[in-house]
Amino acid sequence: MQTHSTEADNGLPLDMIIFGGMGDLAMRKLLPALYMAFLHGNLPPTTRILSTGRQDFNREAYLAHIEANSRSFIAASNFNEKTWDDFLKLLEYVRLDVQAAADFSALAQASRAAAQRVFYLSTAPSLFTTICDKLAASNLVDANARVVLEKPLGTDLASAIAINEDVGRHFAESQIYRIDHYLGKETVQNLMVLRFGNSILEPLWRAPNISSVQITVAEEVGVGSRAGFYDGAGAMRDMVQNHLLQLLCIVAMEPPTSLSPDAVRDEKLKVLRSLRRLSLADIARDTIRGQYIRGVSGNQEVPGYHEEKNVPQDSKTETFVALRAFIDTWRWSKVPFYLRTGKRMARRSSKIVVEFANPPFPLFPQTAGAVANRLVIELQPEEAIKLQLMAKQPGSGMEMQQVALNLDLQSAFQQRRAEAYERLLIDVVRGRLTHFMRRDELEAAWQWADPIIEGWQTLDEKPHPYAAGSWGPAESFALLARDGHSWVE
């Protein structure tokens, strides 16, 4: 076991308290991430992890539940029996109904008075207010406490403001960590270094040198067991308003004055405030909604969205969104940003594609369909950065061919690469706010997204169908084709 750090940023013992500790996110992501942090010495030695749930479990039943539902999400190469046993010693279970004040008294007794308390709210956002009110009433919130808010943070601007107001009554802004796990990805964080640590790229990172930017977050899975939540949300609320806009901010932001949390987040906020608002005519022309129908994914037939459990037969909820956006600044004047996300796509893929303008004079014979230069930033499933250049084809002529300079981060850096949740949880423990959303960021994102959602309701059109296992509806390809661009698969 490595020992990189032995205490939280303030030297206090750590009580990590997970609300929704028996839920899917806790089992699949949070506990495995905390195990990995423990394995590599990135948790204080005095850490305790208190999981809350409504099940009437004793500690033995709780540990058995973890063995059955969480252990399998730790890679075999990272699993160590003794370390796992030591990690389990950190865990406690507190039966808690968030509506019952007496249960919070039991939580107060279980938590240590002198501890650094981190409350992770892995619950429905509708419970955030109740939880924070009862934590404060039970004297569990002090100047050292921190709260992590899991998305979605509201369903529109009004609900986001209400959540921020309610949580802000008990926690200062510097104590609130609004988590977006995409900001914990190594390649996303590396984008800052790529942009601002390399003089070769920054002078070109603007119009007219860049002709377009694409951001794709494609999921191979369907709605699955999340249908009850997802049908009331849709892809716009679930993915575009948070994940994709955060990626757009990092691509488009100006250089911050420093790497301090507020300096970075100030620049991201400027991008969100510069996003051009879409009129109803813009929404009809520049946004595409889709919904998957029966198709083939992973070599097997899969059901359509309306065939999923808990999905109403007349649902118009979008499982796919593609749109064209503009940022009204000097740097990005007239450069289209194409955003795309969907479920049941051809494969799991998240990438950013920066397409540079062609040379002003076509000196060499053009290869059909070739674009002069692209910077392709792969976020998942692989993490890599590729710079696509034009080179001469072997032979006596001067025909060009596209070739790629690849930075395979996996092979370039031999040390272990932490997963997003692990990295962000360590940031919370150490008090690092840079990779978490600030309140004004969240609200600015909703201010841009809300009119689009309202415009769709006004237009009252059904989403375009697309076969599961495809790259989405044909209309999304036409969206780019009319500008002379195409999606990079």
Please tell me if the side chains of [X] and [Y] come closer than 4.5 Å, counting only heavy atoms from C-beta onward.
X      : Y      : answer
Glu307 : Ile293 : no
Leu480 : Gln214 : yes
Ile327 : Leu248 : yes
Val321 : Met239 : no
Thr317 : Val223 : no
Ile250 : Tyr182 : no

Within this structure, what is the [atom1]-[atom2] distance for the pair [X] and [Y], rounded to the nearest 0.5 Å?
X      : Y      : atom1 : atom2 : answer
Leu63  : Asn58  : CG    : CG    : 9.0 Å
Leu149 : Asn164 : CG    : CG    : 8.0 Å
Leu204 : Asn373 : CG    : CG    : 9.0 Å
Arg432 : Leu424 : CZ    : CG    : 11.0 Å
Leu389 : Arg374 : CG    : CZ    : 12.5 Å
Arg48  : Lys89  : CZ    : NZ    : 15.5 Å

Legend entry - Worked check of side chain to side chain contact (heavy atoms under 4.5 Å, CB included) between Leu245 and Trp448: CA-CA 10 Å; Leu245 286 190; Trp448 181 78; 3.9 Å; yes

I'd like to check the ring-ring contact (aromatic ring centres under 6.0 Å, His included) partners of [X]; sequence neighbours left out, ordered by chain and number.
X      : answer
Tyr230 : none
Phe229 : none
Phe128 : none

For [Y], is there any backbone N or O sitting under 3.5 Å from a side-chain donor or acceptor partner on [X]?
X      : Y      : value
Arg294 : Glu301 : no
Arg28  : Phe73  : no
Arg178 : Met437 : yes
Asp103 : Val98  : no
Glu92  : Arg59  : no
Ser70  : Met27  : yes
Thr458 : Glu454 : yes
Trp446 : Leu153 : yes
Arg265 : Phe436 : yes
Ser211 : Glu355 : yes

Inset, instruction - May I ask you to check whether Tyr177 and Asp427 show a side-chain donor-acceptor distance below 3.5 Å? - result: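 Their side chains do not contain a donor-acceptor pair, so the 3.5 Å distance test is not met.
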
Legend entry - Exercise: do Asp156 and Ser159 side chains pair donor with acceptor under 3.5 Å: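 Ser159 and Asp156 do have a side-chain donor-acceptor pair below 3.5 Å.
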
For [X], side chain to side chain donor-acceptor pair (under 3.5 Å) partners two or more places apart:
X      : value
Tyr35  : none
Glu475 : His464
Asp238 : Lys151, Arg226
Glu441 : Gln246, Lys268

Legend entry - Qualifying salt bridge (Lys or Arg N to Asp or Glu O under 4.0 Å) pairs with a residue from residues 455-464, counting only residues at least two apart or across chains: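 Applying salt bridge (Lys or Arg N to Asp or Glu O under 4.0 Å) to every pair that reaches into residues 455-464, excluding sequence neighbours, yields Lys316-Asp460.
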
Legend entry - Among Tyr466, Tyr305, Tyr292, side chain to side chain donor-acceptor pair (under 3.5 Å) partner for Thr319: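 It is Tyr466; the other options fail the test.
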
Inset, instruction - Going by the side chain to side chain donor-acceptor pair (under 3.5 Å) test, name the single residue among Asp86, Asp85, Asn80 that passes it with Thr83. - result: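 Of the listed residues Asp86, Asp85, Asn80, the side chain to side chain donor-acceptor pair (under 3.5 Å) partner of Thr83 is Asn80.
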
Legend entry - Gln189 atom CD, neighbour heavy-atom count above 12 within 6.0 Å: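 Enclosed: over 12 neighbouring heavy atoms sit under 6.0 Å from CD of Gln189.
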
Inset, instruction - Count the heavy atoms of every other residue, nucleotide or ligand shown that sit under 6.0 Å from NZ of Lys29, and state whether that count exceeds 12. - result: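 Counting neighbours around NZ of Lys29, 12 or fewer heavy atoms of other residues, nucleotides or ligands fall under 6.0 Å, so no.
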
Inset, instruction - Taking only Lys NZ, Arg NE, NH1 and NH2, and the carboxylate oxygens of Asp or Glu, determine whether Glu220 and Arg347 approach each other closer than 4.0 Å. - result: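 No.
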
Legend entry - Ionic contact status for Arg277 with Asp450, cut-off 4.0 Å: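 Answer for the salt bridge query: no.
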
Shortest non-hydrogen contact from [X] to [Y]?
X      : Y      : answer
Trp487 : Ser476 : NE1-O, 3.0 Å
Ile179 : Glu150 : CG2-OE1, 3.5 Å
Leu31  : Ile49  : CD2-CG2, 4.4 Å
Ala26  : Gly20  : CB-O, 3.7 Å
Gly472 : Phe320 : CA-CE1, 3.9 Å
Tyr62  : Leu91  : CE2-CB, 4.0 Å

Tell me every residue that passes salt bridge (charged side-chain N to carboxylate O under 4.0 Å, His left out) with [X], counting only those two or more places apart in sequence or in another chain.
X      : value
Glu318 : Arg289
Arg54  : Asp97
Glu67  : Arg71
Asp231 : none

Legend entry - Chi angles and distances behind the salt bridge (Lys or Arg N to Asp or Glu O under 4.0 Å) call for Arg324, Asp483: CA-CA 10 Å; Arg324 183 177 72 158; Asp483 293 338; 3.0 Å; yes

Legend entry - salt bridge (Lys or Arg N to Asp or Glu O under 4.0 Å) between Glu489 and Arg340, intermediate numbers included: CA-CA 12 Å; Glu489 306 303 358; Arg340 173 177 65 163; 3.3 Å; yes

Inset, instruction - Could you check Ile377, Val217, Leu339 and say which one makes a side-chain contact (heavy atoms from CB on, under 4.5 Å) with Leu247? - result: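 That would be Val217.
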
Legend entry - Plane angle bin for Trp332 and Trp205 - parallel if under 30°, tilted between 30 and 60°, otherwise perpendicular: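 Ring orientation, 0 to 90° scale: perpendicular.
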
